[in-house]
Amino acid sequence: MIKDVQAWKAWEDKITRSEPPDFRRNLVLLLAMYNEARMLGRFTHVDPLEGIEVKLRLAQVINVRPRS
C-alpha cells in the first residue's frame with residue numbers, strides 16, 4: 001500500500017512528463033489487452049441481440065406488480 005500518496009503522484013507526474021508519447025507502444029499494449037479480453041470471453045463475435053426474446057420475457061415476469 002502506498003503510504004505517501006502525494007509523493008507517489010509527484011513521481012508519477014514526473015515520469016509521465018519525462019517520457020514522450022509512443023504511439024506504436026500504446027497500440028501494441030491496446031492490442032494485447034484486447035486479445036487478453038477476447039481470450040477471457042469478454043469480447044466475443046456473437047450477435048448481441050441473440051436471446052433477447054428470453055431476456056425480455058424474463059424481465060416481464062420479474063417486473064409484474066401484484067394487484068392491490
Side-chain angles (χ1 to χ4, degrees):
M1 184 157 88
I2 299 170
K3 294 184 180 188
D4 190 357
V5 177
Q6 293 296 344
W8 176 260
K9 286 182 181 180
W11 178 82
E12 237 179 9
D13 290 341
K14 178 183 165 190
I15 294 296
T16 303
R17 280 192 299 269
S18 68
E19 294 179 358
D22 185 357
F23 178 76
R24 185 175 305 261
R25 178 175 166 257
N26 292 342
L27 184 59
V28 168
L29 288 172
L30 174 69
L31 292 175
M33 288 187 287
Y34 176 73
N35 288 331
E36 178 93 13
R38 286 195 57 210
M39 286 184 349
L40 294 173
R42 294 303 298 165
F43 297 121
T44 58
H45 292 295
V46 297
D47 182 17
L49 296 178
E50 183 179 335
I52 190 73
E53 297 86 12
V54 174
K55 292 176 184 177
L56 288 174
R57 178 70 180 133
L58 184 60
Q60 287 174 342
V61 170
I62 290 174
N63 290 317
V64 171
R65 294 198 170 102
R67 295 182 183 167
S68 33

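Both backbone and side-chain heavy atoms feed into the values below; hydrogens, waters and symmetry mates do not.
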**Prompt:** Cluster question for you: counting only ILVMFWY and a side-chain heavy-atom cut-off of under 4.5 Å, with indirect links fine, are Val54 and Ile62 together?
**Reply:** no
**Request:** Tell me whether Ile15 is reachable from Ile2 by hopping between hydrophobic residues (I, L, V, M, F, W, Y) whose side-chain heavy atoms are closer than 4.5 Å.
**Result:** yes
**Request:** Test Arg24 against every option in Asp22, Asn26, Leu27 by the side-chain contact (heavy atoms from CB on, under 4.5 Å) rule and name the one that passes.
**Result:** Asp22
Approximate separation, where rounding is to 0.5 Å, of [X] [atom1] and [Y] [atom2]:
X	Y	atom1	atom2	result
Leu49	Lys55	CG	NZ	9.0 Å
Glu12	Trp8	CD	CH2	5.5 Å
Thr16	Lys9	OG1	NZ	13.0 Å

